[in-house]
Amino acid sequence: MVQVLINKLDKYLDFLYGYLILKAYVFRLRLNEEYFNLDYQMRWKSYLERANFEELIELACVYIKGEVDGRILDVADVMDRASYFALIHPDHPNITLGFFKDADLWNLWLESGIYRYAREAISETCNIGRGDRIIDFGCGSASPSFYSELIGEYGFYAGVDYSRPLLKIAKSNCKEKNLIDRVKLIQGFVESKMEFGREYDLAILSSILEYSSTRAVLKNAVNALNGQGTIIVFSELFRDVQPEREKLLELYYSLIPNFKKFPAVMEIQDFLDSSGYLYKIKMYGSHILKIDILE
Ligand SMILES: C[S@@+](CC[C@H](N)C(=O)[O-])C[C@H]1O[C@@H](n2cnc3c(N)ncnc32)[C@H](O)[C@@H]1O
């Protein structure tokens with residue numbers, strides 16, 4: 001079951017990348033005239049100078065073969081549209097990718113986009129079940145009710161996120177499903193130093209490291225586990241696992257306010273080594289990394 005979900009997640013993310021290659025192939029035709037946002041235009045130009053579209057299109061055709069849930073593409077469509085508006089102005093109001101301003105859109109993508117498939121893969125990989133104590137960094141609106149349902153009434157779930165509007169949706173989802181007693185939602189920055197009033201078994205870092213400092217979030221995660229437990233990381237890209245994807249994905253993801261850069265497995269390992277923990281690390285497919293912190 002774990003392998004089936006991991007393969008599905010990999011396949012869906014391959015499809016998404018293939019779809020963005022096709023979008024970029026058409027978008028490049030717009031770049032002949034000069035736009036106000038020269039910086040964004042130059043970044044595209046520098047990517048396009050090196051990109052071999054004959055090979056990329058061939059690759060894209062392989063990736064977009066087969067069936068996927070079409071809802072995973074919604075965010076890519078909005079990124080494609082936003083890339084045009086970003087040429088006009090970096091803060092153009094039609095760039096609808098903000099975790100605060102566009103929380104209603106993000107809620108849809110978090111519910112039914114790629115994040116839904118990441119959640120399914122995470123819960124199987126970590127065998128999440130009754131009584132588990134989970135902390136979720138950058139929890140968004142959809143994960144709190146999903147995980148807190150799995151852990152049952154004796155489990156505990158804490159979610160940290162800086163977007164009040166997304167947390168508001170998360171809270172109302174949990175209330176609707178009668179889960180609120182086992183849930184704590186905290187509004188804050190995941191990289192700020194945190195104090196934990198309880199210990200957790202599992203720290204979830206799902207699509208958060210590209211918006212924050214990897215070391216600072218990992219420090220909080222390890223402290224939340226109090227020396228023993230599991231950290232699970234999902235990322236649309238680990239830049240040292242699929243380096244050939246980084247430049248194109250960055251052009252699109254950098255339209256999301258506060259995007260920094262995609263994480264690398266090596267930098268996570270460097271942090272763990274320098275912290276002196278005993279740990280086991282394992283990659284599941286290309287997008288899920290599981291770290292067991294041993295006593
Ligand atoms: C792509 S969403 C992923 C949500 C959730 N982890 C999931 O997989 O469904 C990223 C989330 O991280 C939050 N976020 C981004 N940067 C953050 C930061 N520095 N501190 C706290 N939350 C942050 C956003 O508000 C958003 O809810």
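Below, each value reflects all heavy atoms present in this structure, side chains not excepted, and no hydrogens, waters or symmetry copies. In listed order, ligands and their atoms are each counted from 1.
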Self-check item: Geometric class of the F15/Y19 ring pair [parallel <30°, tilted 30-60°, perpendicular >60°]
Solution: tilted
Exercise. Output the list of atoms in ligand 1 that are nearer than 4.0 Å to some heavy atom of S163, sorted by atom number.
Key: 25 (O)
Quiz prompt | Chi angles and distances behind the side-chain contact (heavy atoms from CB on, under 4.5 Å) call for Y115, F146 | solution = CA-CA 11 Å; Y115 311 96; F146 176 85; over 6 Å; no
Practice problem: Measure the distance from atom 8 (O) of ligand 1 to every protein heavy atom, then report the residue, atom name and distance (to 0.1 Å) of the closest one. | Solution: S206 OG, 2.8 Å
Quiz item: Of all the atoms in ligand 1, which lie at a distance below 4.0 Å from a heavy atom belonging to G188?
Solution: 20 (N), 21 (C)
Quiz prompt | Ring geometry between W44 and F27 (parallel below 30°, tilted from 30 to 60°, perpendicular above 60°) | solution = tilted
Quiz item: Is the closest basic N to carboxylate O distance between K260 and E250 below 4.0 Å?
Solution: no
Exercise. Give the C-alpha distance, both sets of side-chain angles, the deciding distance and a yes or no for side-chain contact (heavy atoms from CB on, under 4.5 Å) between I231 and Y279.
Key: CA-CA 10 Å; I231 300 173; Y279 69 92; over 6 Å; no
Quiz item: Under 4.0 angstrom from ligand 1, any heavy atom of C139?
Solution: yes
Quiz item: Tell me: protein heavy atom nearest atom 19 (N) of ligand 1, and distance?
Solution: E191 OE1, 2.9 Å
Self-check item: Geometric class of the Y200/F156 ring pair [parallel <30°, tilted 30-60°, perpendicular >60°]
Solution: tilted
Quiz item: Is it true that W109 and F99 have ring centroids separated by less than 6.0 Å?
Solution: no
Quiz item: How close does the nearest protein non-hydrogen atom get to atom 27 (O) of ligand 1, and which residue and atom is it?
Solution: D161 OD2, 2.6 Å
Quiz item: Please state which protein non-hydrogen atom is closest to atom 4 (C) of ligand 1 and give its distance, to 0.1 Å?
Solution: G138 O, 3.3 Å
Quiz item: Which atoms of ligand 1 have any heavy atom of R119 under 4.0 Å away?
Solution: 9 (O)
Quiz prompt | Heavy-atom nearest neighbour of atom 22 (N) of ligand 1 within options F137, Y162, W106 | solution = Y162
Quiz item: Are S143 and ligand 1 in contact, using a heavy-atom cut-off of under 4.0 Å?
Solution: yes
Exercise. For atom 20 (N) of ligand 1, find the nearest protein heavy atom and state the residue, atom name and distance (0.1 Å precision).
Key: V190 N, 3.0 Å
Quiz prompt | ligand 1 atoms in contact with F189 (distance to a heavy atom under 4.0 Å) | solution = 19 (N), 20 (N), 21 (C)
Exercise. Determine whether the aromatic ring centres of Y40 and Y35 lie less than 6.0 Å apart.
Key: no
Quiz prompt | Atoms of ligand 1 close to I208 [distance to a heavy atom under 4.0 angstrom, numbered from 1] | solution = 12 (O), 14 (N), 15 (C), 16 (N), 17 (C), 23 (C)
Quiz item: Which ligand 1 atoms does L110 reach within 4.0 Å, using its non-hydrogen atoms?
Solution: 2 (S), 3 (C), 4 (C), 9 (O)
Quiz item: Under a heavy-atom criterion of less than 4.0 Å, does S192 contact ligand 1?
Solution: no
Quiz item: Are the charged groups of E120 and R116 less than 4.0 angstrom apart, N to O?
Solution: yes
Quiz item: If you count the atoms of ligand 1 from 1 in the order shown, which ones are under 4.0 Å from a heavy atom of L166?
Solution: 25 (O), 27 (O)
Self-check item: Closest approach of any protein heavy atom to atom 10 (C) of ligand 1, naming residue and atom
Solution: S207 O, 3.4 Å
Self-check item: T230/I293 under side-chain contact (heavy atoms from CB on, under 4.5 Å): CA gap, chis, key distance, verdict
Solution: CA-CA 6 Å; T230 300; I293 306 282; over 6 Å; no
Quiz prompt | Stepwise side-chain contact (heavy atoms from CB on, under 4.5 Å) test for Y157 and S143 | solution = CA-CA 10 Å; Y157 171 95; S143 292; 4.0 Å; yes
